[in-house]
Each structure stands twice: as C-alpha cells, then as structure tokens.
Chemist: 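Right, I'll just put the structure down here and ask away after.
All values reported here derive from a predicted model rather than from experimental measurement. Residue numbers start from 1 in every chain, and the chains themselves are labelled A, B, ... in the order their sequence lines are given, proteins ahead of strands.
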Amino acid sequence: MYKEYKQLNLSQTGKEILEYWKENKIFEKSISNRSASKPYTFYEGPPSANGMPGIHHVMSRSIKDIFCRYKTLKGFQVKRKGGWDTHGLPIELAVEKKLGITKDDIGKKISVEDYNAACRTEVMKYTDVWNDLTEKMGYWVDLNNPYVTYQNEYIETLWWILKEFYNKDLLYKGYTVQPYSPAAGTGLSSHELNQPGTYKMLKDTSIVAQFRLKNNQVHPLIPALFDDEAEDTVILAWTTTPWTLPANCALAVGNQITYVKVKTFNQYTYQPVSVILAKDLIGKYFKKEGENASFQDYKEGDKIIPWNITGEFKGSDLLNLRYHQLMPYVDDENLEKNAFRVISADFVTTEDGTGIVHTASVFGADDFRACRENNVPSVMVTDEKGNEFPLVNKQGKFVDEITDFAGRFVKEEYYSDEERKDPDFRPTDVLIAIKLKEDNKAFDVKKYEHSYPHCWRTDKPILYYPLDSWFIKTTAVKDRMVELNKGINWKPESTGTGRFGNWLENLVDWNLSRSRYWGTPLPIWRSQDGSEECCIGSIEELNNGIKKSVEAGFMDAAFEINDMHRPYVDDVILVSPTGKKMFREADLIDVWFDSGAMPYAQWHFPFENKEEFKNAYPADFIAEGVDQTRGWFFTLHAIAVMLNETSDVIKEINTEIGNKGVAFKNVVSNGLVLDKNGNKMSKRLGNGIDPFDTIEKYSADASRWYMISNAAPWDNLKFNIEGIDEVRRKFFGTLHNTYSFFSLYANIDGFKYQEEEIENSERPEIDRWILSLLNSLSQEVDSYYADFEPTKAARAIQNFVDENLSNWYVRLCRRRFWKGDYSSDKISAYQTLYTCLNTVTKLMSPIAPFFSDRLFLDLNAVTGKELVESVHLADFPVCNESLVDKALEERMALAQDISSMILSLRKKVGINVRQPLGKALIPVLDSTFKDKVDKVKDLILSETNIKEIEYILDTSGIISKKVRPNFKALGPKVGKDMKLVAEKLTNLQQQEIALFEREEKFKIEGSDYTIELQDVEILAEDVPGWQVTSLGRLTVALDITLTDELLQEGISRELVNRIQNLRKELNFEVTDKINVRVENHPYITQAVKNNLLYICAETLAESFVLDNETAKGEKIIIENNEFTILITKA
RNA sequence: AGUCCCAUAGCUCAGCCUGGUUAGAGCACUACACUGAUAAUGUAGGGGUCAGCAGUUCAAAUCUGCUUGGGACUACCA
C-alpha cells in the first residue's frame, strides 16, 4: 500500500526524514557510495561561531547544499569538510564585554594567557546552535571533522605558507598610513573608526599656501608661467592640517581639471604674485570687482585686490613642474631630485580648496598611495642607525629637526586644558600660519569646520600616521591574479569582472599586521637592531630554534611550546646567525589570511594528508555572500596564485592536476536577505527573522524552495514569510495532492509497477505528452543546475508540477484512474504518473531534500523499483531523447489553448460544461494545422464536453480574415513609412486579402511598396454569425444549438452529478455499488430512458428505478425541478 | 565621495543580452463554475505613464546618456 496522508505537514516530514537520515547514515553513504576517483570539491567558507545564525545563513547554505547534492546525484563524490573561523576582533570584543574589561587591561588586570583562554572558550559558545541549524535546514556538511583555525596544526600550515612567501621576498615590513591615536599610542582599525560618535565637528586652521615654482627648470610651460625672471609664480594648495606642511613632498592635480594663472597681490605682504589654481575656484578667492582692476592704483591694505587671468592650462600640462620646498627643515639629494613636483591623482576635485592638493606622503592614505605611484620619496628624518622616522613622533610631537616647532604637539587637543587656557597659548597650526604669512608663503588663512575622526578611547582627534606593518606583496602577482581570474566562472559574471576585477586592477599590498592578542602570530623573529631576522615555517623549525637558544643560554631548558598563540610564542627568543637575540615581531596576522589559507590548512598540508589535499584542490565550487568578494574570495585567490608562484610543492601539484594556479573554479556570490520592505535586517530594527522559528513553522523545504525560487541568488531577497506559505500551498500542496490522488487509486487497483513497462508507442497521446515534457524537464533542470542557476531549475520544476502534471495531465486523466477495468490504458496511466512523480523527486531533491525523499521513499516502498535507501543516493534523471516529441508538445499546447477558448465561450453564453454541445468550428488556414488538432481532438472534446470539431476550410468563404503586419520583416523594407503601410494592411477588405493571397503579393496604394506574403501574417479572425473568440493565431467558433438529445444528455449528467454528491454525503466508498430509486419527474423521464446505461455506469448503480409514488429520500433540484432520490448500498 | 547592482500590476517576479506595435505569470481581490484530487480544482474580470527626463530608431520595458530612489562594497579625503 502506498502511504496515505491526512494532510501535508512539511515540518513534521522534515523531522522524520532527518531521523531517517541519521539512523541510516544517508549522508555518509552519499559520499561513500560514490567513487573517490570522481571527486567534486567544495570548500566551506568557515562561519564565525561567536554569533547566532540568521536567516541569511539559511540562504547561503542552501545554495552550497544544492550544488553539492546535485553533483552527488550526477555521480561525483562530494566531500564537504566543515570549518570554523575562530580568530579575530569580534571575538576579542565579545570577551571584553563579557569580562567587563578594555584592551588597556590586557596584561594588567588580566594576563594575555587568561585572555586568550577566554577567547578560546567564547568562540565555541554557539557551536551547538550552529550545528542544530545545519541539521534542521538539511545542510549536509561534515561536522565531525571540521577544521578549526585556532588549532596548532592549522596555524602551522599558515606559517609554512608565510615562509614560502618570505623566501621569495613577498613578505616585507613597510610603512602604511593608518588611523593612529597618539594619546593612546595605538593604531586603530577601520572597525574602531566606525564606532558611533567617532566623527565629530572640529574647527581647524586651514591654510592656502604658496608653493613657489622654480624658474630655472626645464619644462614646456616655463615661458607661459614666467613673464620675466622677477615674476613670483606660485601654486596654491589648501590644507586643513598645517602641521603636515613641513612634510610636503608633492602637489597633486587632476589631469582633466582646467587651471589658470592669475596675477594679483598677496593680501598679507602686499607683494605682487602670480598664482595657479583651478579655474572653477577663482570665485572663492577673488572678488569680482577686482578683475582687471588697475595694478598701478593698488595700495597696501586696499580691500579690493586687483587680479587678472594670464594663462590657462590642463592639469596634465602641469605635471612634473618643480617647486621650492615650502618649509625646508629636512631635505636631501633624493628629495631634491624626486620630490617637490606636480603629480596627478584621481582623488583631486574642485569642490574645496584650490583644486591642487598638498601631499604629505606619510600623513594621508591617499597621499601615500599617490606618492608611491609617482615614485615621490617621503620627507623623513633618519636616526643614527639609519632608520627613518616621520617628522612627527609617536606622541604626536614634532621632532627636533623641525627647529621652530620642535617638541610641540601638532594638534592643540593633545595639550592639557590648563595649557590651552593660558592666554599666550597658540596652537601649532596657528604658529605655522603666522610663520608662513611672515615668509610670504601664505595666500589665505581661515578657520575651517569639518568632520574629523576621533579616538573612541581618548576622545582626541586621530592622526593619519605611518606605522610599521608587515605586508604581502600582492602587487607583485597582480597581473597573474587578473589573468587567472578570467578563468574563474563567476555567478553572476558581473561580480567577477566588475567588483572583483576592478578590485584586482587597483590592488595594493596586503597589510597583514594586526596589533592584537587572539589570532595567528606572525612567525618572524628579529634582532633588536633590525639587522637580522628569520621566518619560521614549522613547529619543528621552531623547536630547533628553541634548542639552539637554550644552548646559547637565551632560554630556559625546560621551555616547551604547546600552544602557538600569544603569549607563549612571544616567550621564544631565537639566536641569529651572528649570535644575537631575536624577538618575535609582536603582530598577529589578518584573520582573513586564516580563512584564505583553508585549502591547505584544513588538511595540515604539507605536513600531512598530501593525497587528501591533492584530491581536493582546487575547489570546483564555492559559494558565499557577495560581501566576501574582497574578503574570502580574494584571500583564497591571492594565496593560491602566490603559492603557485612561490612554492615548489604547490607548483608540482598544480602541474600534475592541470591547475593553472587558482583556488576555485566556480563561485556563486549570493545577495543579501532583506526584510519584506527591502530594509537590511538588523538587531537594532528588530526585523530579523529567526531561522529556527521559520523552519519549525514552515519547514526547511518550503523555506529553501521559497528562497531559491523567488529570486536569483545574487539578487537581494526581500524575505516575506507569506511567500513561504504560498510556496507550501502552491508547489508542495499541489505535488502532495497529486501523490494523494495517485496513491488513492493505485491502492484500490493494487498498482505496484509489477507489470511490464508499456511501450511508449502503445501509450495514449497524453501519456506520451507528459513523458515528453518530463524528459525535456530533466534535460532543462540538469543544465540549469550545471550552470549554477538554481532559481531557473526551481521555477521549471514548479511549472511542470503545477501547470502540466497537476492542472492538465491529472485533471484530464482522472477518469482513466477511476473508471473501468485494470486495463493496459489504466496501467499506462499509473506507470506514467508514477514515473513523473518519481523523476520529480530526484529533480527537486537538491532544493527540497526532505519532502522529496519522503515522496521517493513512499513510492519505492511499494514498487521497489529503485534499490537505494534515499533519493539522495539515486542518480540524476537522464533525458531519454527518444521520448521527447516537440511536435506532440506543440499540439498539446494547441489543445490547451482551444479548450480554454471553448470554455471561455461557454462562459460567455452561459452554458455550463455539463451541458454537451454539438460542435466547435475551427478555421484552418493550412493543412498541417488540421492534422495537429485532429490528434488531440478527443482530449479537447472530453475536456469541453463537445460532440465534434468541424474544420472550416479556407475555401468555404465564411471565414473573415485579417492581415497582421510582420514588423520585423517590414522594417527594413519600408522604414519610416511603417505607420502608413501598417495601417493600410490592417484595414484591408476581405476581397483585397483574397487577392493578396492569390497573387502572393500586394501593392500598397500611393506608394512603391509591394508587400509579400512573408511580410505579413494572415489569420482568421471571425466566423460571422457564430460565437467566436481568438487567441494569437487561433480562432474558435462554437455551435450553441441545443437539440433535445443534447438537452437530455445534459440532464443525465446533472443527475449523475447529484447522485455522486449523495454518495459522498453518505460516506460511501468510491468502490461501493448502489441501488437507486428516483421520483419519476417529467423533467427527467426521457433523459433517464435514453441514457440509463451511462448513468448506471457512472454511478456504479446496479439498479435504477423510476418510482412514481415514493417521496422518501433526499430532495434534489435540477433547473428548478424538484424531486426525491434514494440511494442504498447494493 | 567613488565603483557596482537594482527599479515592470497592491505584493513577489518573468521579459531586456539579440528593439517589432495588445508587456506576461503567480499571489491577493471580485464574480462564476466544478464537487470521485475537495482544507483541492477550473474559468473569467479589474488592476501597468515598464522610476523620471532626454537621445538613437520607421519602431524603445528592451540600446545610450543624465536624474531620482533603494542597496552593496571601497574610501574618509587636501
């Protein structure tokens, strides 16, 4: 017996199937059943286990799951090792919050050891919750042997990778400009900078400085810039941080910006000067009244300063102009040669300032980049050891070399309140402004209020400051990364070429350093003078180093390293080749390096598992949110490309497996899950959706199906809980009903698929049709999955189940299941419907793993046709081309259209379907059309309750035709006369159309155009005198004459209908035979006599008596005629 | 601020790459029908300035540019 269900409960089904999977180890079998020689590799992007999972995790993990399950069905062995991302700032912050401490307390109130121990505990706090979600949502991933980024083995692989880079000079120490808080003495991450309240309004002294051009240089613009040797021509540049002016090393212009040279006077010194600034900004510095005013009449102190434009240039013309250093405290040969010149930069605008940006390479991130790109050296001081330092020290004070301001804080906020209250106190910026004014180097000085970031701990403004950091020289392999990216299949493509491609094009070196505690330590040891250093690539190497150190007497012999985190590794002192002590560089590395290295580290490669690694490299498929583009996707790619360049082991393996050096071949980047109004879900708004509630209430299957079918993965999903319910009703409900229908009758007839498979050619048209569609569907769904288009797959399956299988096949075939003997037609129907259901379970199983398995198991429990324990162990359906019949699909579509049109006509004239009608008329304009319709005629007739279809031939002359222009064909021919031609054609008279058809061409009056038949479509639009309707090229007319015979048949059907209702009301089994007594009402007498056999057969009546007396039984009404009827079980 | 994505019926989405004159589907709504799939099903109906403006074209939801709104990422700037 096929299992029958009272109603559909997807949530319950999910729980039961989950138990079944566990008991029977289905997941394990889905891997062990497949050959290891056919691997399909998936990498799990490790979630951070320190937060609760949200509904968006169901989304991204559904996508991962779908393709892994699909590939399993396709015969691949798909291992999926789980993983946990365990390092990083969020964990540190969670611990600090929990313990009620700040970073300052680390090493004071709490030891680094205890702190890190707390992190280790914290990070796995939510593991159980995550594992629970993973199971309940049906995500198959190996949770028993996950990789964990804090484990020693994992870290050891990271060290190995870093050493490979180090050996090829791809790891270096350098400066980067970072937000830095002198008051707190620490760099700040962008995360810290984005805390609420860090950006505050600040009033700063802003200066427009005059950078004097050298008049003795060789440059094409010199004649235009200097009228004579005495002329003082300067470039104007604006700054809100005057303290950076001593460090000025370049001026940046925009290539496309227009600049002008303006002759005028300095407002402070009254000296004549020629200034260069952006044309758009003239109005900001010069009064209209002064334009072209007399220079002779100008007197010192005049409010109106005369000016006039004497030249105009593009930014690109100004490039490489050299100027005198503005504040020459620090200078050298290299600077004179390569600095103090005009460069171009893309960030220059004409919105503020002068359109020329003062650039101090070490005090601004943009500046730093622009200078590096243009090979402009930085203005730095050098200590006795030859180390370079910026002009401002780490306390935020000018160094001694800046004689006039030495020892002064660069920001006035760094002075105490008392100092600032002193009436003689002058901020350093103001002192600089005064000096520049005196030196005739300031063009304009003003207070300027702007938003500026502050340190969230000290509340003082931050500086952009160069800090020592370790970098990976990703720029060295940039071209290779760009090149290899082109071979990666991105879904959607635009993310790969756009977001990711652009990112690679603008690649900068990867700043690895993090000044933190809980993370992978940088394995670099340095002597104190920085002259010697080494990079450790394994635990063994470290232990050897420790041994030597013990021998050298630097370390205690009892020292043992068991944990590769801080503080333990910090206690290791190594011996340099010359016998000096080397200490570990205190930095941790970026956590993104942890996750990007997972292809190697998850296997502890190359220390162990070489084979496992080789078999699982690179990934065939990965999937994460689009926010990982510059995160995990990038680090995976970067590390893979660089290892291919640096590591012999990796190169060898890549050569062997034919990998050019990528970490993944296909990548799906999914969009966000928003709330139903399109807002981002957040704790603050309280609009988040709890995945556990959703799964409990609506099931994992419906949730997954909803998310996948509703929008393409890479489009943002507006998550509406009602949508899940719709999916349940629409799709799962329909499928479940179809199965219920099947099981009801299959159980009655004892269909167990024991009979021989009925030859396709022996099956009726409608069976061959649905099987044709089914095979087309298999093919289609297969290619959608293969193309990483799950949404299209889901929609195709859903459309098949709803529209074709349920709404047409089952509806039209109902009689075949309940009527008559267990004939070959009936068996054919069962076999066909069974095959459809069984195939659909496999097609849908990647998306809805629970329900599909239940359906599959229920079907096969009876037939035993498939020898596997789960749909997930089955093979993906293969399209049998010989069963695909496009012509059949086409004519069935025709049947559907014609039926629908006839029903629509019935509706219009108010004759319901139970009343048979004599005939429908269909105009045929070509012979193939008639053949097509003829083959599906019976379906149309029974569906619409019509006796006959009559074809009206063209020659009968009763069809009224219409010409419809084929614009695509006419376009090139008539061009702009289209309107006229189209109107003429549309309004052609019947005789004209006939003429057109006979001659196969038609001349348009009043023009030279001769229209041919292929330029138009001629269709039958009307059959005058009949009820007619049209759809596209189809036209159908209905004969609504009711003969006595038809009327009586109609009455018989009504009678049958009432008897069936009674059977049901009385709760008779569908197989019960009955006896019927009906009051002999004149309305039905003749109808019963004429159609007695029909009525009895339909209602399973063994006897049918028209009784003249009785009034017992139920009262029924047909067309206002009332009479009684009594049915009893026979 | 820059880059990218998105905008079609009350809601969720097709269509756009490759332009063709009546822009589709489902849900919701209304009416009717069906009643041996029945907590199911069918038919019909209303509902759209295809975000706006401009351009290219005989013809634009579709191609181009700009604007507006939403989102993402990057940056935080003299």
Chemist: Distance check, C1' atoms only: U68(B) and A54(B), in whole angstrom units.
Modeler: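 Comparing C1' positions in U68(B) and A54(B) gives a spacing of 14 Å.
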Chemist: Which heavy-atom pair separates Ile257(A) from Ala278(A) by the least distance, and what is that distance?
Modeler: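 The answer is CG2-CB, 4.0 Å.
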Chemist: After noting the C-alpha distance and the side-chain angles of Thr244(A) and Thr241(A), does the key distance pass the side chain to side chain donor-acceptor pair (under 3.5 Å) rule?
Modeler: CA-CA 6 Å; Thr244(A) 61; Thr241(A) 53; 3.2 Å; yes
Chemist: Between the side chains of Lys447(A) and Asp204(A), is the shortest nitrogen-to-carboxylate-oxygen separation below 4.0 Å, so that they form an ion pair?
Modeler: no
Chemist: Can you check the distance between U38(B) and U62(B), where both ends of the measurement are the P atom (answer in whole Å)?
Modeler: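 About 48 Å, rounded to a whole number of Å.
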Chemist: In whole Å, measure the gap between the C1' atoms of U64(B) and U57(B) for me.
Modeler: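 Roughly 12 Å separates the two C1' atoms.
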Chemist: Under the side chain to side chain contact (heavy atoms under 4.5 Å, CB included) rule, what do Asn945(A) and Leu917(A) come out as? Steps first, then yes or no, please.
Modeler: CA-CA 7 Å; Asn945(A) 199 13; Leu917(A) 286 173; over 6 Å; no
Chemist: Given that Leu970(A) and His358(A) both sit by RNA chain B, which one's nearest nucleotide is further toward the 5' end?
Modeler: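 Mapping each residue to its closest nucleotide by heavy atoms, the 5'-most match is Leu970(A).
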Chemist: Any salt bridge between Glu789(A) and Arg795(A), counting N to O under 4.0 Å?
Modeler: no
Chemist: So do Tyr259(A) and Thr354(A) actually touch side chain to side chain, heavy atoms under 4.5 Å?
Modeler: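 No - every pair of side-chain heavy atoms lies 4.5 Å or more apart.
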Chemist: Taking the C1' atom of each, how far is G69(B) from C58(B), in whole Å?
Modeler: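 About 34 Å, rounded to a whole number of Å.
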Chemist: Determine the interplanar angle of the Tyr2(A) and Tyr739(A) rings, folded into 0 to 90°, and report it as parallel if under 30°, tilted if 30 to 60°, perpendicular if over 60°.
Modeler: perpendicular
Chemist: Just to verify, what does Glu943(A) make a side-chain hydrogen bond (donor to acceptor under 3.5 Å, both in side chains) with, not counting sequence neighbours?
Modeler: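 side-chain hydrogen bond (donor to acceptor under 3.5 Å, both in side chains) list for Glu943(A), sorted by chain: Arg811(A).
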Chemist: Are any of the side-chain heavy atoms of Thr205(A) and Lys446(A) separated by less than 4.5 Å?
Modeler: no
Chemist: With a non-hydrogen cut-off below 4.0 angstrom, is Ala711(A) in contact with a base, only sugar-phosphate, or nothing?
Modeler: sugar-phosphate
Chemist: Give the rounded distance in Å between these two atoms: CG of Asn945(A) and C1' of A33(B).
Modeler: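 Going from Asn945(A) (CG) to A33(B) (C1'), I get 14 Å.
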Chemist: Just need the stems in RNA chain B: three or more back-to-back Watson-Crick or G-U pairs, each with both distances under 3.5 angstrom, sorted by first number.
Modeler: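 Stem list for RNA chain B: B:1-7 with B:68-74, B:10-13 with B:24-27, B:29-33 with B:41-45, B:51-55 with B:63-67.
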Chemist: Of the nucleotides G36(B), G26(B), C58(B), which has the atom closest to the Asn1061(A) side chain?
Modeler: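 Closest nucleotide among those given: G36(B).
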Chemist: Between C5(B) and G42(B), how many Å separate the two P atoms, rounded to a whole number?
Modeler: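 Rounded to whole Å, the distance is 40 Å.
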Chemist: Encode nucleotides 37-45 of chain B as B, S and - characters from 5' to 3', where the letter depends on protein heavy atoms closer than 4.0 Å: B to the base, S only to sugar-phosphate, - to neither.
Modeler: BSBSSS-S-
Chemist: At 4.0 Å (heavy atoms only), tell me whether Gly971(A) reaches a base, stays on the sugar-phosphate, or touches nothing.
Modeler: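 Contact class for Gly971(A): base.
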Chemist: Nearest to the side chain of Tyr464(A) - A14(B), U12(B), C77(B)?
Modeler: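 Minimum distance to the Tyr464(A) side chain belongs to C77(B).
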Chemist: When rounded to the nearest Å, what value does the distance between P atoms of G10(B) and G47(B) take?
Modeler: 11 Å
Chemist: For nucleotides U22(B) and A61(B), find the distance between their C1' atoms and express it as a whole number of Å.
Modeler: 14 Å
Chemist: Can you tell me, in whole Å, how much space there is between the P of U49(B) and that of C73(B)?
Modeler: 33 Å
Chemist: Would you kindly compare Trp714(A) and Arg1053(A) by the position of their nearest RNA chain B nucleotide and give the one closer to the 5′ end?
Modeler: Trp714(A)
